[in-house]
Amino acid sequence: MLIKAPKGTKDILPDEIVNWQIIEQKANEVFSKANFKEIRTPIFEETSLFERGVGDTTDIVNKEMYTFIKSDRSLTLRPENTAGAVRAYLEHNFFRESPPVKFWYKGPMFRYERPQAGRQRQFHQIGVEMFGIQDASADAEVILLASEFLKSLGLNDLTVEINSLGCNKCRAEYKENLKKAIAPFLDGLCEDCKSRYEKNPLRILDCKNEDCIRLFEENNLKNSVSGIKLCDECSNHYKQLKEYLDILNIKYEENTFLVRGLDYYTKTVFEIKSNNLGSQNAVCGGGRYDGLVETLGGVHTPAVGWAMGVERLNSLIGKIQDNKIDYFVVSDNKQEALKLTYKLRACGFSAEFDYNSRKFIKQLEKASKIAKFAIILGEDEIKNNYLSVKNMETSEQTRETFEDLVK
RNA sequence: GCGGGCAUCGCCAAGCGGUUAAGGCCUCGGAUUGUGGUUCCGAUAUGCGUGGGUUCGAAUCCCACUGCCCGCCCCA
């Protein structure tokens, strides 16, 4: 019985690795320009980091974590990277630097869920975190960054949705008002919504149940929600964000039903969606988390960030072709072929030869499949110290010395 | 945790109870011991996810299991 990769995990094969390399390279380019620095945190952390950081009312913490005990310590494979980034920020005293402190990261995350389109148990995220700036220009900055990054990958028309959840102060009020608006038709909602009503009423807005959505519409919940006032500070912040986005010419849609499932978000939340992803349609999600640094033991520090799912991103990008190598050395003399191959590599070219010493015609056929040029190195070439270089695209063949070729 | 669908060569597949399980791609070899990518010929599944059962006879029908995919929940 062959051992297979575990459920919900995938091998990234040579055929598709080019996409990944390009995504990571673009991330580095785009984020570096904005002076975001890459950070790499451990793949596992102490379990309590996620319980405190992500929130113990979330599904992620309640039923999706890969947790194991080693030497009496409870450790967990990271389900996301924001908590780890904040932990590192505190552990290495980044709060002593002049704000903002700007990080970006990439890497695998782990969540125990039933796999489906756009969802795996081991998946990859690229994300940014920005610490120390309360002003809405920081929110705009990270949204701009997400948009620039997507643009650099040729993804231009994705929808940005934004909303504001308010701060701790006004969110409590918001929840009460929301409950009041929902109360009249609470009985008609699904079981999940009924239990969310007490535990986490904001999440009711996120319900996908058709009957619930119909009831929301019949009772004009959207208007009721829009009518709920944020405190002055929060509504100002939200207003400023929209002004910044307008100035930056970033198109967005306001979605008063946009609620994120992680507990740490405050004020701004946003998602970037695509219609080509199946039912898991968010390629990017994030927002502001002004309370998280404090929750994890630091002084109050405003922060904002997002994460993208690399697998989802990848499925939006067409397959990027692997480039052909520069030279394939065709020769009956394996020693000379090997020597020439290594000389070409030393000069910075990609090169290969036929390890099997097959017939000339087979070698040329192989060359046409994998290389831009074939270098024919036969008896005559070796004796008279020249190379026959054939362009496999145009069939043109020229006679050159090694020195001319590598110039 | 709950629904739905699918499993035939490395990949894509035809077959729907009856003699040796189509075809295509890829791979390998030959036509062709120095000029390929087009062409022609040839090779490649004692086996149809696994285990039972029905039948004279099963890839084809029935049952169980496993795996994968899709959806719900939640999230990237």
Side-chain angles (χ1 to χ4, degrees), chain A residues 1-10 13 15 54-55 57-65 79-82 106-127 146 190-193 195-196 200 203 206-210 212 259-262 265 270-274 277-286 305-316 324 328 330-333 354 356-382 388-397:
Chain A
M1 202 51 166
L2 283 176
I3 296 172
K4 295 202 225 162
K7 192 187 191 76
T9 69
K10 276 212 165 67
L13 301 173
D15 200 33
V54 179
T57 69
T58 61
D59 281 3
I60 290 180
V61 169
N62 280 322
K63 47 185 209 195
E64 296 175 4
M65 295 210 297
E80 55 95 62
N81 213 156
T82 298
K106 62 171 190 225
M109 310 295 158
F110 306 85
R111 259 121 96 158
Y112 184 78
E113 302 177 89
R114 284 289 280 273
Q116 66 183 74
R119 174 186 309 146
Q120 289 171 214
R121 290 181 174 179
Q122 178 179 169
F123 62 104
H124 297 76
Q125 288 189 331
I126 288 177
C190 67
E191 288 309 308
D192 284 333
C193 281
S195 75
R196 283 191 278 236
N200 197 346
R203 245 18 132 68
D206 209 22
C207 189
K208 311 288 192 305
N209 185 303
E210 283 178 23
C212 292
V259 177
R260 317 229 61 247
L262 282 67
Y265 288 111
F270 62 92
E271 285 185 0
I272 301 179
K273 294 181 179 173
S274 163
L277 281 172
S279 71
Q280 309 305 319
N281 62 354
V283 67
C284 176
W306 51 254
M308 284 197 198
V310 181
E311 283 81 0
R312 293 181 190 179
L313 194 53
N314 206 349
S315 65
L316 293 176
K324 291 187 168 176
F328 189 90
V330 173
S331 178
D332 291 330
N333 186 326
D354 187 44
N356 290 327
S357 304
R358 287 178 303 181
K359 289 195 294 192
F360 180 86
I361 200 165
K362 291 292 172 193
Q363 292 192 29
L364 204 59
E365 191 182 330
K366 174 88 172 171
S368 74
K369 282 176 187 155
I370 69 167
K372 293 174 198 149
F373 294 91
I375 297 185
I376 296 157
L377 186 62
E379 279 174 41
D380 194 54
E381 282 90 348
I382 294 169
S388 297
V389 178
K390 177 162 186 164
N391 183 325
M392 299 314 275
E393 192 79 15
T394 63
S395 297
E396 278 176 288
Q397 188 166 323

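Proteins come first, then strands; the chains are lettered A, B, ... in the order of their sequence lines, and each starts at number 1.
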Subject >> RNA chain B: stems of at least 3 consecutive Watson-Crick or G-U pairs whose donor-acceptor distances fall under 3.5 Å >> reply: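 The stems are B:1-7 with B:66-72, B:10-12 with B:23-25, B:27-31 with B:39-43, B:49-53 with B:61-65.
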**OP:** Show your reasoning for whether side-chain contact (heavy atoms from CB on, under 4.5 Å) applies to R312(A) and Q280(A).
**Re:** CA-CA 9 Å; R312(A) 293 181 190 179; Q280(A) 309 305 319; 3.4 Å; yes
Subject >> Donor-acceptor under 3.5 Å (N62(A) side chain, T58(A) main chain) >> reply: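 The answer is yes, because a donor-acceptor pair under 3.5 Å joins these two groups.
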Original post:
Are the side chain of D354(A) and the backbone of R358(A) linked by a donor-acceptor contact shorter than 3.5 Å?
Top reply: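 A pair under 3.5 Å: yes.
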Could you pull out all residues at least two apart from [X] that satisfy side-chain hydrogen bond (donor to acceptor under 3.5 Å, both in side chains)?
X	answer
K369(A)	E365(A)
E113(A)	R119(A)
E381(A)	S388(A)

Under the side chain to side chain contact (heavy atoms under 4.5 Å, CB included) rule, collect the residues that match up with [X], sequence neighbours excluded.
X	result
F270(A)	V142(A), I143(A), I162(A), T268(A), C284(A), W306(A)
S368(A)	M392(A)
F360(A)	V330(A), L364(A), I376(A)
I382(A)	N333(A), E336(A), L377(A)

Original post:
Taking only residues two or more places apart in sequence or in another chain, which ones pass salt bridge (Lys or Arg N to Asp or Glu O under 4.0 Å) with K359(A)?
Top reply: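 K359(A) satisfies salt bridge (Lys or Arg N to Asp or Glu O under 4.0 Å) with no residue once adjacent residues are dropped.
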Between N or O atoms, less than 3.5 Å apart, protein on one side and nucleotides 67-69 of chain B on the other: list the pairs.
unit_1, atom_1, unit_2, atom_2, d
G67(B), O2', K4(A), NZ, 3.1
C68(B), OP2, K7(A), NZ, 3.0

Taking atom [atom1] in both [N] and [M], compute the distance separating them and give it to the nearest angstrom.
N	M	atom1	value
U32(B)	G42(B)	C1'	15 Å
A21(B)	A58(B)	P	13 Å
C6(B)	G49(B)	C1'	11 Å
C25(B)	U38(B)	P	11 Å
C48(B)	C9(B)	C1'	10 Å
C65(B)	A76(B)	P	35 Å
A64(B)	A22(B)	C1'	32 Å
G53(B)	G10(B)	C1'	33 Å

What is the distance, to the nearest angstrom, from the [atom1] atom on [X] to the [atom2] atom on [N]?
X	N	atom1	atom2	answer
D59(A)	G1(B)	CG	C1'	11 Å
H124(A)	A76(B)	NE2	P	16 Å
L277(A)	G71(B)	CG	P	11 Å

Original post:
Closest heavy-atom contact between P108(A) and Q122(A)?
Top reply: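 Scanning both residues completely, I find the closest heavy atoms to be CB-OE1, 3.3 Å.
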Original post:
When all nucleic acid strands are considered with a 4.0 Å heavy-atom cut-off, which category describes Q280(A): base, sugar-phosphate, or nothing?
Top reply: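 Base, at least one base atom sits under 4.0 Å.
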Original post:
NA contact type, G286(A), heavy-atom cut-off 4.0 Å: base, sugar-phosphate, or nothing?
Top reply: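 It contacts nothing in the nucleic acid.
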Original post:
Are any of the side-chain heavy atoms of Q120(A) and T9(A) separated by less than 4.5 Å?
Top reply: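 Result no, sub-4.5 Å side-chain heavy-atom pair not found.
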Subject >> Minimum side-chain heavy-atom gap E80(A)-V54(A) below 4.5 Å >> reply: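 Counting from C-beta outward, E80(A) and V54(A) do come under 4.5 Å.
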Could you list the protein-to-nucleotides 9-13 of chain B atom pairs, N/O on both sides, closer than 3.5 Å?
none

Original post:
So S274(A) and V283(A), side-chain contact (heavy atoms from CB on, under 4.5 Å) or not? Walk me through it.
Top reply: CA-CA 7 Å; S274(A) 163; V283(A) 67; 5.6 Å; no
Original post:
Mapping E271(A) and R119(A) to their closest nucleotides on RNA chain B, which lands nearer the 5' end?
Top reply: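 The residue mapped nearer the 5' terminus is R119(A).
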Original post:
OP1, OP2 of C28(B) versus side-chain N and O of R358(A): anything below 4.0 Å?
Top reply: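 Checking R358(A) against C28(B): at least one side-chain N or O falls below 4.0 Å of OP1 or OP2.
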Please list each protein N or O that sits under 3.5 Å from an N or O in nucleotides 31-39 of chain B, with the distance.
unit_1, atom_1, unit_2, atom_2, d
A31(B), OP2, K359(A), NZ, 3.3
G34(B), O6, E379(A), N, 2.8
G34(B), O6, E381(A), OE1, 3.1
G34(B), N1, E381(A), OE1, 2.9
G34(B), N1, E381(A), OE2, 3.3
G34(B), N2, E381(A), OE2, 3.0
U35(B), O2', K390(A), NZ, 3.3
U35(B), O2, K390(A), NZ, 2.9
U35(B), O2, Q397(A), OE1, 3.3
U35(B), N3, Q397(A), OE1, 2.8
U35(B), N3, Q397(A), NE2, 3.4
U35(B), O4, Q397(A), NE2, 2.9
G36(B), N7, K390(A), NZ, 3.1
G36(B), O6, S395(A), OG, 2.0
G36(B), N1, M392(A), O, 2.8
G36(B), N2, M392(A), O, 2.9
G37(B), O6, S395(A), OG, 3.1
G37(B), N2, E393(A), O, 3.4

